[in-house]
Colleague: 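What follows is a structure written as structure tokens; I'll ask about it next.
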There are 2 protein chains.
Amino acid sequence: MAEEMLDALDRAGVRLTGPRRKLAALIERREGHFTAADLLKDAGRRRMGIGRATVFRLLELLSEQGLVERIDLPDGTHAYIPCEPTHHHHLVCLNCGATTDVDDCGIEAVTREAARRSGFKIEQHRLELFGRCPDCRSAN
Amino acid sequence: MAEEMLDALDRAGVRLTGPRRKLAALIERREGHFTAADLLKDAGRRRMGIGRATVFRLLELLSEQGLVERIDLPDGTHAYIPCEPTHHHHLVCLNCGATTDVDDCGIEAVTREAARRSGFKIEQHRLELFGRCPDCRSAN
DNA sequence: AGCACATATGATACCGAGTATCAATAATGC
DNA sequence: GCATTATTGATACTCGGTATCATATGTGCT
Ligand SMILES: [Zn+2]
Ligand SMILES: [Zn+2]
Ligand SMILES: [Zn+2]
Ligand SMILES: [Zn+2]
């Protein structure tokens with residue numbers, strides 16, 4: 001999956017630098033969603049001398065390529081989720097942070113109806129589902 | 001609508017102070033979504049000596065009462081929308097900021113299906129629709 | 001392999017949203 | 001009216017994210 005990111009970066013015409021490779025590897029090892037600070041801490045612990053700015057810059061790049069998506073958790077914090085570059089939504093565990101993709105979002109019907117009633121032309125939508133993953137359900 | 005807010009604050013058992021009344025009135029005069037900074041600027045322009053913290057504190061109170069909802073705009077900024085304290089979603093104009101409520105969100109079916117497939121127990125969802133309002137569509 | 005050039009890096013400083021603190025002030029209940 | 005207690009606003013702070021810029025490093029060309 002780090003491979004995938006590096007490929008995408010290559011295709012995007014940016015350089016495959018050391019820090020980017022290292023960070024991609026770190027992202028790969030992550031489970032569930034993570035924050036920029038999490039990544040930075042990962043890098044710090046391993047004494048890779050990676051700068052704050054570099055982390056944010058890479059996250060933005062990956063986000064442009066759709067390989068990472070930024071979500072807003074219910075508590076207001078921003079987190080990132082590695083994912084496929086196609087339209088889909090996320091199911092996020094409120095307890096452990098695990099995420100799953102929901103690809104067939106049947107909300108096209110919902111948006112169509114909302115558009116009809118309001119007169120708006122709907123251009124994008126954002127749907128996020130929060131709950132408890134199977135593990136956390138049984139663990140409790 | 002400022003009335004409504006003040007009533008709710010009263011019911012919530014907090015004091016109906018001068019700053020809160022003034023801010024409620026300012027919120028009433030706003031159209032579309034607004035940021036904490038917008039409100040603060042409104043207050044500043046009118047030389048009400050209202051402190052930064054007070055604005056954030058009131059927005060949080062109103063948010064707890066469901067009279068204002070915080071949304072995350074696609075550009076990453078946080079904005080507030082005055083609204084009814086019932087479950088519903090927002091349709092936001094990307095051009096002028098106008099908002100409408102979408103109350104019958106037919107996504108219960110979507111969440112049920114996602115829950116079935118994933119094994120998650122879904123506890124909350126967030127749906128935001130973005131587009132162009134009728135005015136902005138015809139104006140262009 | 002070596003070079004030239006443009007891009008990327010990290011240190012630092014900076015910005016803006018939001019929060020903690022706390023002495024001074026004002027709303028409420030009696 | 002007065003005592004009590006919540007609220008206020010000034011100030012200082014935290015934290016996510018960005019601008020700047022001299023230095024380092026990938027990349028394409030030879
Ligand atoms: Zn979980
Ligand atoms: Zn969708
Ligand atoms: Zn809903
Ligand atoms: Zn509009």
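The model shown is predicted, which means the values in this text are computed figures rather than measured ones. The figures here come from the full heavy-atom set of this structure, side chains too, leaving out hydrogens, waters and symmetry mates. First the proteins, then the strands, lettered A, B, ... as listed; each starts at 1.
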Colleague: Please find the pair of heavy atoms, one from A:Cys93 and one from A:Arg132, that lie closest to each other, and give the distance.
Modeller: SG-CA, 4.0 Å

Colleague: Using heavy atoms to find the nearest nucleotide of DNA chain C for B:Phe56 and B:Gly18 separately, return the residue whose nucleotide is more 5′.
Modeller: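 Looking at DNA chain C, the more 5' nearest nucleotide goes with B:Phe56.
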
Colleague: Search all heavy atoms of A:Cys83 against all heavy atoms of A:Asp101 and return the closest pair with its distance.
Modeller: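 The pair with the smallest heavy-atom distance is CB-OD2, 4.2 Å.
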
Colleague: Specify the separation, in whole Å, of atom CG of A:Leu9 and atom P of D:dG26.
Modeller: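 Roughly 14 Å, once rounded to whole Å.
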
Colleague: Looking at A:Glu28 and A:Arg30, is there a salt bridge between them, counting it only when a charged N and a carboxylate O are closer than 4.0 Å?
Modeller: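 No, A:Arg30 and A:Glu28 are not salt-bridged.
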
Colleague: In whole angstrom, give the distance that lies between atom CD of A:Glu60 and atom C1' of D:dG17.
Modeller: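 Spelled out: CD on A:Glu60 to C1' on D:dG17 is 10 Å.
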
Colleague: For D:dG26 and A:Arg21 - does any side-chain N or O of the residue sit under 4.0 Å from the phosphate oxygens OP1/OP2?
Modeller: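 For D:dG26, OP1/OP2 do not have a side-chain N/O of A:Arg21 under 4.0 Å.
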
Colleague: Ignoring hydrogens and angles, are the base of C:dG10 and the side chain of A:Arg57 linked by a donor-acceptor pair under 3.5 Å?
Modeller: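 Side chain to base: pair found, below 3.5 Å.
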
Colleague: What integer distance in Å separates B:Leu73:CG from C:dA17:P?
Modeller: 13 Å

Colleague: Taking for each residue the nucleotide of DNA chain D with the nearest heavy atom, is it A:Leu16 or B:Gly13 whose nucleotide lies nearer the 5' end?
Modeller: B:Gly13

Colleague: What's the shortest heavy-atom distance between B:Ala98 and A:Phe120, and which atoms?
Modeller: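 Closest heavy-atom pair between B:Ala98 and A:Phe120: O-CZ, 4.1 Å.
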
Colleague: Tell me the interatomic distance from A:Leu40, atom CG, to C:dA11, atom C1', rounded to whole angstroms.
Modeller: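 That distance rounds to 13 Å.
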
Colleague: Taking B:Thr77 for the side chain and B:Leu73 for the main chain, is one N or O donor matched with an acceptor at less than 3.5 Å?
Modeller: no

Colleague: Within the structure, does a side-chain N or O atom of A:Arg70 lie under 4.0 Å from either OP1 or OP2 of D:dG17?
Modeller: yes

Colleague: Between C:dT9, D:dT8, D:dG9, which nucleotide gets closest to the side-chain atoms of B:Ile50?
Modeller: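 Nucleotide nearest to B:Ile50's side chain: D:dG9.
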
Colleague: From C:dA8, D:dG9, C:dA17, pick the nucleotide closest to the side chain of B:Ala37?
Modeller: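 Nearest to the side chain of B:Ala37 among the choices is C:dA17.
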
Colleague: B:Gly76 near the nucleic acid: base, sugar-phosphate alone, or nothing, with a heavy-atom cut-off under 4.0 Å?
Modeller: nothing

Colleague: When only distance counts, do a donor and an acceptor, one from the side chain of B:Arg15 and one from the base of C:dT28, lie under 3.5 Å apart?
Modeller: no

Colleague: Less than 4.0 angstrom between a side-chain N/O of B:His78 and OP1 or OP2 of C:dA17, yes or no?
Modeller: no

Colleague: Tell me: NZ of A:Lys41 to P of D:dG16, nearest whole Å?
Modeller: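 Those two atoms, NZ and P, are 10 Å apart.
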
Colleague: Where do N or O atoms of nucleotides 12-15 of chain C meet protein N or O atoms at under 3.5 Å, pair by pair?
Modeller:
none

Colleague: So, is A:Thr35 close to the D:dG16 phosphate, meaning a side-chain N or O under 4.0 Å from OP1 or OP2?
Modeller: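 It does not, given that no N or O in the side chain of A:Thr35 lies less than 4.0 Å from OP1 or OP2 of D:dG16.
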
Colleague: Any chance the side chains of B:His89 and A:His125 put a donor and an acceptor closer than 3.5 Å?
Modeller: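 The answer is no; no qualifying pair exists.
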
Colleague: I need the CZ-P distance between A:Arg20 and C:dT7, as an integer number of Å.
Modeller: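 Rounded to the whole Å, the gap is 12 Å.
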
Colleague: Given atom CG of B:Asp10 and atom P of D:dA6, what is their separation to the nearest angstrom?
Modeller: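 About 16 Å, once rounded to whole Å.
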
Colleague: Could you tell me whether the phosphate oxygens of C:dT7, OP1 or OP2, come under 4.0 Å of any side-chain nitrogen or oxygen in A:Thr17?
Modeller: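 Answer no for this pair, as no side-chain N or O of A:Thr17 is under 4.0 Å from OP1 or OP2.
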
Colleague: Roughly how many Å is it from CG in B:Asp72 to C1' in D:dG16, rounded to a whole number?
Modeller: 14 Å

Colleague: Taking only Lys NZ, Arg NE, NH1 and NH2, and the carboxylate oxygens of Asp or Glu, determine whether A:Glu108 and A:Arg112 approach each other closer than 4.0 Å.
Modeller: no

Colleague: Any Lys/Arg nitrogen of B:Arg57 or B:Glu60 sitting under 4.0 Å from an Asp/Glu carboxylate oxygen of the other?
Modeller: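 Salt bridge absent between B:Arg57 and B:Glu60.
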
